[in-house]
Amino acid sequence: MATRWRCCRRSAVARLAIAEPLDVRLLDKGFSVGEALAGFNAAHGAAGGVVSFLGKVRPDGDVKALELTHYEPLTLPGMQELAEAAFARFGLDGALVWHRVGVMTPGESIVLVATAARHRRDAFAAVDFLMDHLKSASWLWKRERRDDGWHWIEPREDDRKDLARWQ
Amino acid sequence: MATRWRCCRRSAVARLAIAEPLDVRLLDKGFSVGEALAGFNAAHGAAGGVVSFLGKVRPDGDVKALELTHYEPLTLPGMQELAEAAFARFGLDGALVWHRVGVMTPGESIVLVATAARHRRDAFAAVDFLMDHLKSASWLWKRERRDDGWHWIEPREDDRKDLARWQ
Amino acid sequence: MAVRVVYLGKLQDVAGRPESEFSSSSGDLDWPDLVEVLRNHVNEDVADAVCDPRNKIAVNGQIQSDRESLVFKHGDEVALLPPVSGG
Amino acid sequence: MAVRVVYLGKLQDVAGRPESEFSSSSGDLDWPDLVEVLRNHVNEDVADAVCDPRNKIAVNGQIQSDRESLVFKHGDEVALLPPVSGG
């Protein structure tokens with residue numbers, strides 16, 4: 001039985017194709033973080049370090065759901081450019097930049113970023129850079145559904161400061 | 001067929017039990033990064049952010065293998081204390097600290113660290129802290145096998161500087 | 001000629017709809033025309049929002065830096081983009 | 001009485017073995033005794049290494065801060081720990 005599971009898992013991991021060096025996706029359904037990272041890791045076997053960040057909907061007070069809106073002609077092309085900028089700036093082996101759109105509930109994954117680099121510091125800095133830009137320089141708009149209905153989320157001053165670190 | 005795989009994967013992920021809030025392991029065999037991170041993520045569903053670092057043996061020049069030696073009475077207890085320090089210092093929801101020992105070949109995973117926190121910056125800082133301490137303040141000794149035999153790795157000045165950042 | 005205006009983020013709420021289609025029989029629409037059309041056919045708040053530099057303008061998927069000299073052609077898609085809040 | 005000495009990291013190569021066991025019929029072993037035993041029964045380099053403050057000493061899994069006043073008892077495990085290089 002144990003052997004059978006092992007067989008399934010290995011094959012499953014091998015089946016998720018990750019584009020190299022950059023895999024940038026806008027997803028309208030949930031995704032498996034384990035498979036994504038296993039696939040990314042397999043795609044960059046020679047990298048010394050892989051750093052990832054997963055952002056999830058927090059069960060915050062009375063927040064029942066969160067919706068992310070995108071604008072087709074801008075959002076994905078902008079994310080692709082962002083990934084290319086990180087790739088060049090930090091000398092990465094590769095990057096994965098996945099963002100959910102649509103309605104999500106607490107505990108669901110919103111964003112997954114992973115970078116592979118020869119050295120740890122570059123992989124770290126690149127994830128930090130990507131997240132700061134996804135949060136405040138990507139064409140995405142967020143609103144929350146609370147007990148009294150939907151509320152648009154305003155950009156936060158802290159997010160703008162985080163972005164300024166890279167300029 | 002597709003459905004059958006999906007079933008296998010889901011079950012496999014659910015099977016890996018992760019200790020909460022801290023899962024600290026010294027491993028003498030390879031491990032599945034995807035399953036570890038899927039398990040960690042599932043164990044901390046309410047955390048806003050999960051950051052991970054995976055360190056692998058780099059195929060560097062003529063390095064054929066790498067061996068990590070530990071000292072049973074000190075190494076794992078030291079890692080456990082380190083995880084507890086990170087947990088308290090960064091207000092984490094949880095942490096996973098896994099380190100391989102024994103002989104590894106290029107491409108194999110050496111170390112996997114993951115942290116879950118309410119906010120992204122805390123999760124980031126905690127992984128950074130854990131990695132700096134694992135590299136230069138944990139009871140592990142590394143040697144490499146090259147064409148002309150085994151060579152012990154000396155601690156690097158940079159690693160000591162990285163550590164000093166947290167004092 | 002006809003142009004489509006797409007309202008993103010909270011501008012959807014301001015406009016009370018996700019998009020509008022405006023057609024005109026009197027040739028191309030320039031920027032003052034668009035503001036006027038928004039004021040008369042949608043509402044004051046949207047007309048004000050479209051002039052607020054914090055809200056960006058894209059035409060056919062290209063961000064525009066000089067909105068006041070824009071001239072729209074038949075089939076153009078104009079997007080009104082409020083400050084983003086992603087991640 | 002008998003004590004076991006464990007050589008970690010490159011001290012294994014210096015000692016030419018992973019561990020040694022020393023027994024004595026003349027009561028407890030103190031620090032100068034241990035250095036002497038290492039010098040006579042293993043080699044000079046290990047005796048020097050054990051005095052080098054960059055190499056740490058653990059007794060029964062506890063790091064010792066004052067090695068020179070150590071007194072070893074029967075069954076003690078003494079570990080010689082060179083600077084670490086993990087991760």
Side-chain angles (χ1 to χ4, degrees), chain A residues 2 4-16 32-42 44-60 93 106-121 123-125 127-128 131-132 135 158-159 162, chain B residues 2 4-16 32-42 44-60 93 106-121 123-125 127-128 131-132 135 158-159 162:
Chain A
R4 214 184 120 217
W5 287 116
R6 174 161 294 275
C7 140
C8 291
R9 277 175 283 174
R10 299 267 158 198
S11 305
V13 162
R15 261 145 209 261
L16 187 71
S32 159
V33 175
E35 282 174 59
L37 293 178
F40 182 74
N41 179 27
H44 299 284
V50 175
V51 171
S52 75
F53 174 78
L54 169 68
K56 293 185 284 185
V57 183
R58 273 202 306 262
D60 242 355
D93 286 8
E108 272 195 88
S109 299
I110 309 172
V111 57
L112 179 65
V113 165
T115 62
R118 195 174 157 76
H119 296 290
R120 177 160 60 104
R121 296 259 165 251
F124 257 108
V127 170
D128 207 12
M131 281 307 305
D132 280 347
K135 275 200 99 73
D158 280 357
D159 290 339
D162 287 346
Chain B
R4 212 183 121 218
W5 287 117
R6 175 160 294 276
C7 140
C8 291
R9 278 176 281 175
R10 300 265 160 200
S11 305
V13 163
R15 261 144 209 262
L16 187 70
S32 160
V33 175
E35 282 174 57
L37 292 177
F40 183 73
N41 179 27
H44 299 284
V50 174
V51 171
S52 75
F53 174 78
L54 169 67
K56 292 185 284 186
V57 183
R58 272 203 306 262
D60 241 354
D93 287 9
E108 273 195 87
S109 300
I110 310 173
V111 57
L112 178 66
V113 165
T115 62
R118 195 173 156 77
H119 296 291
R120 177 160 58 104
R121 295 259 166 254
F124 257 108
V127 169
D128 208 12
M131 281 307 305
D132 280 347
K135 275 201 99 72
D158 280 357
D159 290 339
D162 287 345

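Chain letters run A, B, ... following the sequence lines, proteins first and then strands; every chain starts at 1. The figures here come from the full heavy-atom set of this structure, side chains too, leaving out hydrogens, waters and symmetry mates.
Looking at A:Val51, the atoms closer than 4.5 Å to chain B (heavy atoms on both sides) sit in the backbone and in the side chain alike. For a residue to count as touching a neighbouring chain, one of its non-hydrogen atoms must lie under 4.5 Å from one of that chain's; by this rule A:Arg118 touches chain B with backbone and side chain alike. For chain B, the nearby parts of A:Val127 are the backbone and the side chain; heavy atoms of each come within less than 4.5 Å. Looking at A:Asp158, neither its backbone nor its side chain comes within 4.5 Å of chain B, counting heavy atoms on both sides. The contact between A:Asp60 and chain B is made entirely by side chain atoms (from C-beta outward), counting heavy-atom distances below 4.5 Å.
Here the closest heavy-atom approach between residue B:Ala38 and residue A:Gly34 is recorded as CB-CA, 3.9 Å.
Using a 30° and 60° split on the angle between ring planes, B:Phe124 and A:Phe124 fall in the tilted class, from 30° to 60°.
Residue with the most contacts toward chain A among B:Pro59, B:Ala116, B:Ser52: B:Ser52 (heavy-atom pairs, distance under 4.5 Å). Taking B:Gly45, B:Gly107, B:Pro106 one by one and counting their heavy-atom pairs under 4.5 Å with chain A, the maximum is reached by B:Gly45. Counting heavy-atom pairs closer than 4.5 Å to chain B, the top-ranked of the candidates A:Leu54, A:Val33, A:Val57 is A:Leu54. Annotation: maximal heavy-atom pairing with chain B below 4.5 Å, among A:Ala47, A:Gly49, A:Ala46, A:Gly48, occurs at A:Gly48.
The CZ atom of B:Arg121 sits 9.0 Å away from atom CE of A:Met131, with the distance rounded to the nearest 0.5 Å.
Under the 3.5 Å distance criterion, the side-chain polar atoms of A:Lys56 are left unmatched by any main-chain donor or acceptor of B:Val50.
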